[in-house]
Amino acid sequence: MSSDESLYAGKSEPLRLRKDTKVTVLSGAGISAESGIPTFRGEDGLWQDENLVKIATPRGFLADPERGWRFYNERRSNMAACDPNPAHKAIAALERAGYDVVVITQNIDRLHQRAGSARVLELHGTVWSIKCSNSRCTSEPFENHDVPLKIDPPVCEICGAYLRPNVVFFEEMLDPEVVAEADRRTKQSDIFLVVGTSGVVYPAAGFAQIARAFGAYLVELNIETTPLSYICDKTILGPCGQMLPELVSDLTGGEVRI
Ligand code: BV8
(Lines give C-alpha, C1' and ligand atoms only; values in the text may rest on other atoms or scores of the structure.)
Protein backbone atom coordinates (compact mmCIF):
# COMPACT_ATOMS: atom_id res chain seq x y z
CA MET A 1 0.00 0.00 0.00
CA SER A 2 1.66 3.27 -1.00
CA SER A 3 1.92 5.99 1.64
CA ASP A 4 -0.66 8.19 -0.12
CA GLU A 5 -3.10 5.31 0.25
CA SER A 6 -2.93 5.53 4.03
CA LEU A 7 -5.80 3.86 5.73
CA TYR A 8 -8.84 6.14 5.87
CA ALA A 9 -11.86 5.23 7.96
CA GLY A 10 -14.12 7.63 6.16
CA LYS A 11 -12.36 10.48 7.94
CA SER A 12 -10.31 13.34 6.57
CA GLU A 13 -7.11 12.22 8.32
CA PRO A 14 -5.39 8.79 7.98
CA LEU A 15 -6.46 6.16 10.51
CA ARG A 16 -4.04 6.13 13.43
CA LEU A 17 -3.92 3.69 16.30
CA ARG A 18 -3.96 4.85 19.88
CA LYS A 19 -2.31 2.56 22.42
CA ASP A 20 -5.75 1.53 23.64
CA THR A 21 -7.20 0.88 20.16
CA LYS A 22 -8.21 -2.80 20.19
CA VAL A 23 -6.56 -4.45 17.18
CA THR A 24 -7.42 -8.07 16.41
CA VAL A 25 -5.77 -10.12 13.66
CA LEU A 26 -7.48 -13.18 12.14
CA SER A 27 -4.70 -15.02 10.32
CA GLY A 28 -4.67 -17.98 7.98
CA ALA A 29 -2.11 -20.01 6.08
CA GLY A 30 -1.33 -17.09 3.76
CA ILE A 31 0.52 -15.25 6.52
CA SER A 32 3.00 -18.14 6.67
CA ALA A 33 3.30 -18.62 2.90
CA GLU A 34 6.31 -16.28 2.61
CA SER A 35 7.98 -18.27 5.38
CA GLY A 36 7.87 -21.32 3.10
CA ILE A 37 4.87 -23.14 4.64
CA PRO A 38 2.43 -24.37 1.97
CA THR A 39 -1.14 -23.09 2.04
CA PHE A 40 -4.15 -25.35 1.68
CA ARG A 41 -6.23 -24.08 -1.23
CA GLY A 42 -3.82 -22.43 -3.63
CA GLU A 43 -2.98 -24.28 -6.86
CA ASP A 44 -0.30 -26.29 -5.06
CA GLY A 45 -2.20 -26.24 -1.75
CA LEU A 46 -2.15 -29.20 0.60
CA TRP A 47 -5.88 -29.84 0.34
CA GLN A 48 -5.70 -30.22 -3.45
CA ASP A 49 -4.94 -33.84 -2.60
CA GLU A 50 -8.27 -35.26 -1.41
CA ASN A 51 -6.44 -38.05 0.38
CA LEU A 52 -4.68 -35.54 2.59
CA VAL A 53 -7.97 -33.84 3.49
CA LYS A 54 -9.24 -37.24 4.63
CA ILE A 55 -6.24 -37.60 6.94
CA ALA A 56 -7.26 -34.33 8.65
CA THR A 57 -10.46 -35.95 9.96
CA PRO A 58 -10.78 -38.15 13.08
CA ARG A 59 -11.86 -41.21 11.12
CA GLY A 60 -9.32 -40.68 8.34
CA PHE A 61 -6.40 -40.30 10.73
CA LEU A 62 -7.27 -43.37 12.79
CA ALA A 63 -7.92 -45.43 9.66
CA ASP A 64 -4.21 -45.20 8.92
CA PRO A 65 -2.25 -43.52 11.74
CA GLU A 66 1.08 -44.36 10.16
CA ARG A 67 0.04 -42.49 6.99
CA GLY A 68 -1.34 -39.74 9.19
CA TRP A 69 1.88 -39.39 11.13
CA ARG A 70 3.93 -39.35 7.92
CA PHE A 71 1.80 -36.39 6.74
CA TYR A 72 2.07 -34.48 10.02
CA ASN A 73 5.71 -35.35 10.52
CA GLU A 74 6.52 -33.92 7.08
CA ARG A 75 4.70 -30.73 8.06
CA ARG A 76 6.49 -30.56 11.42
CA SER A 77 9.84 -30.90 9.65
CA ASN A 78 8.90 -28.19 7.15
CA MET A 79 7.61 -25.83 9.85
CA ALA A 80 10.70 -26.37 12.01
CA ALA A 81 12.87 -25.25 9.07
CA CYS A 82 10.79 -22.10 8.45
CA ASP A 83 11.06 -18.77 10.21
CA PRO A 84 8.56 -15.99 10.92
CA ASN A 85 8.39 -13.50 8.06
CA PRO A 86 7.93 -9.69 8.20
CA ALA A 87 4.15 -10.12 8.47
CA HIS A 88 4.42 -12.10 11.73
CA LYS A 89 7.15 -9.73 12.92
CA ALA A 90 5.09 -6.59 12.23
CA ILE A 91 2.25 -7.86 14.41
CA ALA A 92 4.66 -8.83 17.18
CA ALA A 93 6.37 -5.42 16.94
CA LEU A 94 2.99 -3.68 17.31
CA GLU A 95 2.34 -5.66 20.51
CA ARG A 96 5.89 -5.02 21.81
CA ALA A 97 5.41 -1.28 21.22
CA GLY A 98 2.54 -1.35 23.71
CA TYR A 99 -0.44 -1.51 21.35
CA ASP A 100 -3.44 -3.66 22.28
CA VAL A 101 -3.12 -6.53 19.75
CA VAL A 102 -4.54 -10.06 19.88
CA VAL A 103 -3.99 -12.68 17.17
CA ILE A 104 -6.69 -15.24 16.39
CA THR A 105 -4.92 -17.73 14.18
CA GLN A 106 -6.10 -20.73 12.18
CA ASN A 107 -2.49 -21.76 11.75
CA ILE A 108 -0.87 -24.62 13.63
CA ASP A 109 2.77 -23.60 12.99
CA ARG A 110 3.39 -21.30 16.03
CA LEU A 111 5.18 -18.72 13.82
CA HIS A 112 3.28 -15.87 15.50
CA GLN A 113 4.69 -16.92 18.88
CA ARG A 114 8.18 -17.43 17.41
CA ALA A 115 7.99 -13.86 16.03
CA GLY A 116 7.29 -12.64 19.60
CA SER A 117 3.49 -12.36 19.74
CA ALA A 118 2.36 -13.27 23.25
CA ARG A 119 -1.41 -12.86 22.85
CA VAL A 120 -2.31 -15.62 20.39
CA LEU A 121 -5.48 -17.73 20.27
CA GLU A 122 -4.91 -20.96 18.31
CA LEU A 123 -8.33 -21.88 16.90
CA HIS A 124 -7.07 -25.08 15.29
CA GLY A 125 -4.48 -26.14 17.86
CA THR A 126 -0.85 -26.70 17.04
CA VAL A 127 1.22 -29.39 15.41
CA TRP A 128 3.77 -29.01 18.26
CA SER A 129 1.39 -30.56 20.79
CA ILE A 130 0.42 -34.24 20.87
CA LYS A 131 -2.55 -35.90 22.57
CA CYS A 132 -4.15 -39.30 22.96
CA SER A 133 -6.73 -40.06 20.28
CA ASN A 134 -8.93 -41.71 22.95
CA SER A 135 -11.15 -38.86 24.13
CA ARG A 136 -11.89 -40.78 27.34
CA CYS A 137 -8.23 -41.23 28.24
CA THR A 138 -6.98 -39.38 31.35
CA SER A 139 -3.67 -38.38 29.72
CA GLU A 140 -2.98 -34.69 29.05
CA PRO A 141 -1.74 -33.24 25.74
CA PHE A 142 2.01 -32.61 25.78
CA GLU A 143 4.47 -30.50 23.84
CA ASN A 144 6.83 -32.35 21.53
CA HIS A 145 9.26 -30.68 19.12
CA ASP A 146 11.18 -33.79 17.93
CA VAL A 147 11.94 -33.50 14.23
CA PRO A 148 11.55 -36.10 12.95
CA LEU A 149 9.14 -37.58 15.47
CA LYS A 150 10.09 -41.07 16.57
CA ILE A 151 7.17 -42.73 14.78
CA ASP A 152 6.00 -46.28 15.51
CA PRO A 153 3.18 -44.76 15.25
CA PRO A 154 3.34 -43.39 18.84
CA VAL A 155 0.84 -44.86 21.25
CA CYS A 156 -0.45 -43.61 24.59
CA GLU A 157 1.41 -44.93 27.63
CA ILE A 158 -1.78 -44.88 29.70
CA CYS A 159 -4.39 -46.49 27.45
CA GLY A 160 -2.44 -47.79 24.45
CA ALA A 161 -4.50 -45.83 21.89
CA TYR A 162 -2.72 -44.06 19.06
CA LEU A 163 -1.38 -40.58 19.78
CA ARG A 164 -2.30 -37.81 17.34
CA PRO A 165 -1.40 -34.18 16.64
CA ASN A 166 -3.29 -31.82 18.98
CA VAL A 167 -4.89 -30.00 16.05
CA VAL A 168 -8.59 -29.57 15.26
CA PHE A 169 -9.48 -31.93 12.43
CA PHE A 170 -12.39 -31.26 10.08
CA GLU A 171 -15.68 -32.38 11.65
CA GLU A 172 -14.22 -31.78 15.10
CA MET A 173 -15.38 -29.16 17.58
CA LEU A 174 -12.96 -26.38 18.40
CA ASP A 175 -11.92 -25.84 22.02
CA PRO A 176 -14.93 -24.02 23.48
CA GLU A 177 -12.75 -21.86 25.77
CA VAL A 178 -10.65 -20.68 22.82
CA VAL A 179 -13.77 -19.98 20.77
CA ALA A 180 -15.36 -18.06 23.65
CA GLU A 181 -12.25 -15.92 24.14
CA ALA A 182 -11.94 -15.29 20.39
CA ASP A 183 -15.63 -14.30 20.28
CA ARG A 184 -15.26 -11.96 23.26
CA ARG A 185 -12.20 -10.25 21.80
CA THR A 186 -13.73 -10.01 18.30
CA LYS A 187 -16.78 -8.19 19.66
CA GLN A 188 -14.55 -5.63 21.40
CA SER A 189 -12.35 -5.00 18.35
CA ASP A 190 -11.91 -1.50 16.89
CA ILE A 191 -9.71 -2.69 14.00
CA PHE A 192 -9.99 -6.27 12.68
CA LEU A 193 -7.28 -7.39 10.24
CA VAL A 194 -8.10 -10.44 8.08
CA VAL A 195 -4.71 -11.68 6.92
CA GLY A 196 -3.97 -14.50 4.48
CA THR A 197 -7.12 -16.54 4.78
CA SER A 198 -9.43 -17.88 2.08
CA GLY A 199 -12.31 -17.29 4.48
CA VAL A 200 -14.00 -20.62 3.76
CA VAL A 201 -13.45 -22.54 6.98
CA TYR A 202 -15.91 -22.08 9.82
CA PRO A 203 -16.27 -21.14 12.59
CA ALA A 204 -12.95 -19.26 12.00
CA ALA A 205 -14.15 -17.17 9.04
CA GLY A 206 -17.26 -16.28 11.04
CA PHE A 207 -15.20 -14.06 13.35
CA ALA A 208 -14.79 -11.55 10.51
CA GLN A 209 -18.58 -11.37 10.20
CA ILE A 210 -18.96 -10.93 13.95
CA ALA A 211 -16.35 -8.15 13.94
CA ARG A 212 -18.31 -6.42 11.18
CA ALA A 213 -21.58 -6.81 13.03
CA PHE A 214 -20.04 -5.31 16.17
CA GLY A 215 -18.73 -2.23 14.40
CA ALA A 216 -15.04 -2.96 13.85
CA TYR A 217 -13.16 -1.47 10.90
CA LEU A 218 -12.11 -4.44 8.77
CA VAL A 219 -8.98 -4.55 6.63
CA GLU A 220 -8.22 -7.63 4.53
CA LEU A 221 -4.67 -8.39 3.38
CA ASN A 222 -4.46 -11.06 0.71
CA ILE A 223 -3.01 -11.68 -2.74
CA GLU A 224 -6.55 -12.09 -4.06
CA THR A 225 -10.10 -11.23 -3.03
CA THR A 226 -12.02 -13.75 -0.94
CA PRO A 227 -15.62 -14.39 0.18
CA LEU A 228 -14.86 -12.08 3.12
CA SER A 229 -13.79 -9.15 0.92
CA TYR A 230 -17.35 -7.87 0.62
CA ILE A 231 -17.62 -7.23 4.36
CA CYS A 232 -14.20 -5.59 4.67
CA ASP A 233 -13.84 -1.78 4.63
CA LYS A 234 -10.59 -2.14 2.75
CA THR A 235 -8.81 -4.97 0.92
CA ILE A 236 -5.06 -4.52 0.40
CA LEU A 237 -3.91 -6.82 -2.38
CA GLY A 238 -0.35 -8.05 -2.25
CA PRO A 239 1.95 -10.37 -0.30
CA CYS A 240 1.31 -9.71 3.40
CA GLY A 241 5.01 -10.03 4.18
CA GLN A 242 5.38 -6.73 2.34
CA MET A 243 1.96 -5.10 2.88
CA LEU A 244 1.47 -5.73 6.60
CA PRO A 245 4.67 -3.98 7.76
CA GLU A 246 3.64 -0.99 5.61
CA LEU A 247 0.15 -1.01 7.11
CA VAL A 248 1.50 -1.22 10.67
CA SER A 249 3.85 1.68 9.98
CA ASP A 250 0.95 3.69 8.51
CA LEU A 251 -1.36 2.90 11.42
CA THR A 252 1.28 4.04 13.94
CA GLY A 253 2.40 7.13 12.05
CA GLY A 254 5.78 5.52 11.43
CA GLU A 255 6.38 4.62 15.10
CA VAL A 256 6.41 0.83 14.48
CA ARG A 257 8.67 -0.19 11.62
CA ILE A 258 10.39 -3.54 11.17
C1 BV8 B 1 -16.65 -27.76 13.08
C2 BV8 B 1 -6.13 -28.15 11.16
C3 BV8 B 1 -18.57 -28.54 14.22
C4 BV8 B 1 -5.64 -29.43 10.59
C5 BV8 B 1 -8.00 -27.27 9.86
C6 BV8 B 1 -19.50 -30.84 6.39
C7 BV8 B 1 -19.16 -31.80 7.32
C8 BV8 B 1 -18.48 -31.48 8.49
C9 BV8 B 1 -18.11 -30.17 8.73
C10 BV8 B 1 -18.46 -29.23 7.80
C11 BV8 B 1 -19.14 -29.53 6.63
N12 BV8 B 1 -19.31 -28.39 5.93
C13 BV8 B 1 -18.76 -27.36 6.62
C14 BV8 B 1 -18.25 -27.87 7.74
C15 BV8 B 1 -17.55 -27.13 8.77
C16 BV8 B 1 -16.04 -27.24 8.50
C17 BV8 B 1 -15.70 -26.30 7.38
O18 BV8 B 1 -15.71 -25.10 7.56
N19 BV8 B 1 -15.41 -26.86 6.19
C20 BV8 B 1 -15.10 -26.02 5.06
C21 BV8 B 1 -13.86 -26.56 4.35
C22 BV8 B 1 -16.33 -26.00 4.15
N23 BV8 B 1 -15.42 -26.85 9.73
C24 BV8 B 1 -15.09 -27.79 10.61
O25 BV8 B 1 -15.17 -28.99 10.42
C26 BV8 B 1 -14.61 -27.23 11.93
N27 BV8 B 1 -15.32 -27.87 12.99
O28 BV8 B 1 -17.33 -27.13 12.32
O29 BV8 B 1 -17.14 -28.45 14.16
C30 BV8 B 1 -18.94 -29.83 13.53
C31 BV8 B 1 -18.65 -31.01 14.18
C32 BV8 B 1 -19.02 -32.19 13.55
C33 BV8 B 1 -19.63 -32.20 12.27
C34 BV8 B 1 -19.89 -30.97 11.63
C35 BV8 B 1 -19.53 -29.78 12.25
C36 BV8 B 1 -13.13 -27.53 12.11
C37 BV8 B 1 -12.34 -26.70 11.11
C38 BV8 B 1 -10.83 -26.87 11.39
C39 BV8 B 1 -10.27 -27.87 10.43
N40 BV8 B 1 -8.82 -27.91 10.60
N41 BV8 B 1 -6.67 -27.36 10.07
C42 BV8 B 1 -4.42 -29.19 9.74
O43 BV8 B 1 -4.04 -28.03 9.44
O44 BV8 B 1 -3.82 -30.22 9.37
S45 BV8 B 1 -8.63 -26.24 8.67
C46 BV8 B 1 -7.51 -25.74 7.51
O47 BV8 B 1 -8.16 -24.68 6.78
C48 BV8 B 1 -6.27 -25.10 8.05
O49 BV8 B 1 -6.14 -25.16 9.44
C50 BV8 B 1 -6.39 -23.64 7.67
O51 BV8 B 1 -5.95 -22.82 8.67
C52 BV8 B 1 -7.84 -23.52 7.49
C53 BV8 B 1 -8.32 -22.31 6.74
O54 BV8 B 1 -7.55 -22.20 5.56
P55 BV8 B 1 -6.68 -20.86 5.37
O56 BV8 B 1 -5.85 -20.66 6.58
O57 BV8 B 1 -7.57 -19.75 4.97
O58 BV8 B 1 -5.71 -21.31 4.21
P59 BV8 B 1 -6.05 -21.42 2.65
O60 BV8 B 1 -4.94 -22.17 2.01
O61 BV8 B 1 -7.46 -21.87 2.47
O62 BV8 B 1 -6.00 -19.90 2.14
C63 BV8 B 1 -4.78 -19.20 2.17
C64 BV8 B 1 -5.10 -17.76 1.79
O65 BV8 B 1 -3.89 -17.01 1.85
C66 BV8 B 1 -5.65 -17.60 0.38
O67 BV8 B 1 -6.72 -16.68 0.40
C68 BV8 B 1 -4.46 -17.01 -0.40
O69 BV8 B 1 -4.90 -16.13 -1.43
C70 BV8 B 1 -3.77 -16.23 0.68
N71 BV8 B 1 -2.32 -16.03 0.47
C72 BV8 B 1 -1.42 -16.90 -0.03
N73 BV8 B 1 -0.19 -16.33 0.01
C74 BV8 B 1 -0.33 -15.11 0.56
C75 BV8 B 1 -1.69 -14.91 0.86
N76 BV8 B 1 -2.16 -13.78 1.43
C77 BV8 B 1 -1.26 -12.81 1.70
N78 BV8 B 1 0.06 -12.92 1.43
C79 BV8 B 1 0.55 -14.04 0.87
N80 BV8 B 1 1.87 -14.14 0.62
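Values reported hereafter were calculated over all heavy atoms of this structure, with side chains retained and with hydrogens, waters and symmetry mates removed. All ligand and atom numbering here is 1-based and tracks the order in the structure. Positions are given from 1, in the same order as the sequence printed here.
- With Glu181 as the fixed residue, the side chain to side chain contact (heavy atoms under 4.5 Å, CB included) test singles out one of Ile104, Val102, Leu121: Leu121.
- For the atom pair NE2 (His112) and OG (Ser32), the distance works out to 6.0 Å, reported to the nearest 0.5 Å.
- Within a 4.0 Å radius of atom 12 (N) of ligand 1, the protein contributes no non-hydrogen atoms.
- Of the listed options Gln106, Met243, Glu224, Glu172, Glu172 places a heavy atom closest to atom 1 (C) of ligand 1.
- Counting the atoms of ligand 1 from 1 in the order shown, those under 4.0 Å from a heavy atom of Gly196 are 63 (C), 64 (C), 65 (O), 76 (N).
- When the side chains of ILVMFWY residues are joined at heavy-atom separations under 4.5 Å, either directly or via intervening members, Ile91 and Leu17 end up in a single hydrophobic cluster.
- Nearest to atom 58 (O) of ligand 1 among the protein's heavy atoms is Ala29 CB, 3.4 Å.
- Taking the charged nitrogens against the carboxylate oxygens, Asp100 and Arg119 do have a contact shorter than 4.0 Å, which makes a salt bridge.
- The closest approach between any non-hydrogen atom of Tyr72 and ligand 1 is below 4.0 Å.
- Counting only heavy atoms, the protein gets under 4.0 Å from atom 53 (C) of ligand 1.
- Atom 80 (N) of ligand 1 has as its closest protein heavy atom Glu34 OE2, 2.8 Å.
- For atom 6 (C) of ligand 1, no protein heavy-atom neighbour is present inside the 4.0 Å cut-off.
- The nearest protein atom to atom 21 (C) of ligand 1, hydrogens excluded, is given as Phe170 CE2, 3.9 Å; this is a heavy-atom distance.
- In this structure, Pro84 and Leu111 approach most closely via the heavy-atom pair CG-O, 3.6 Å.
- Contact atoms of ligand 1 toward Val200: 18 (O), 20 (C), 22 (C) (distance under 4.0 Å to a heavy atom of the residue).
- A pairwise comparison of heavy atoms in Ile223 and Leu237 identifies C-CD2, 4.1 Å as the closest pair.
- Note on Ile210: it does not cluster hydrophobically with Val219, by side-chain heavy-atom contacts below 4.5 Å among ILVMFWY residues.
- With respect to atom 60 (O) of ligand 1, the closest heavy atom belonging to the protein is Phe40 N, 2.6 Å.
- Distances from atom 68 (C) of ligand 1 to the heavy atoms of Asn222, Ile108, Val167 show the closest one on Asn222.
- Nearest non-hydrogen protein atom to atom 39 (C) of ligand 1 is Val168 O, 3.4 Å.
- Atoms of ligand 1 found under 4.0 Å from any heavy atom of Gly28, numbered from 1 in the order shown, are 56 (O).
- With Gln242, Met173, Arg41 as candidates, the residue nearest to atom 3 (C) of ligand 1 on a non-hydrogen basis is Met173.
- Enclosure of atom CD in Glu157 is not indicated, since only 12 or fewer non-hydrogen atoms of other residues, nucleotides or ligands lie within 6.0 angstrom.
- Closer than 4.0 Å to atom 50 (C) of ligand 1 lies at least one heavy atom of the protein.
- For the ligand labelled ligand 1, residue Arg75 lies inside the 4.0 Å heavy-atom shell.
- With hydrogens and angles disregarded, no donor-acceptor distance shorter than 3.5 Å links the side chain of Asn144 to the backbone of Ser129.
- Atom 65 (O) of ligand 1 has its nearest heavy-atom neighbour, among Pro38, Gly238, Gly206, Gly30, in Gly30.
- Residues Glu220 and Ser229 bring a donor and an acceptor atom of their side chains to less than 3.5 Å of each other.
- The Ala33 neighbourhood of ligand 1 comprises atoms 73 (N), with distances under 4.0 Å to a heavy atom of that residue.
- From the protein, the heavy atom lying nearest to atom 28 (O) of ligand 1 is Tyr202 O, 3.9 Å.
- In terms of protein heavy atoms, atom 32 (C) of ligand 1 is closest to Glu171 O, 3.1 Å.
- In this structure, atom 78 (N) of ligand 1 lies nearest to the protein heavy atom Cys240 N, 3.0 Å.
- The aromatic rings of Phe169 and Tyr72 lie tilted to each other, with the angle between the two planes from 30° to 60°.
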Please lay out, stage by stage, how Asp109 and Val127 fare under the test side-chain contact (heavy atoms from CB on, under 4.5 Å).
-> CA-CA 6 Å; Asp109 56 34; Val127 76; 5.9 Å; no

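- A salt bridge is absent between Glu172 and Lys131; no separation between the charged side-chain nitrogens and carboxylate oxygens falls under 4.0 Å.
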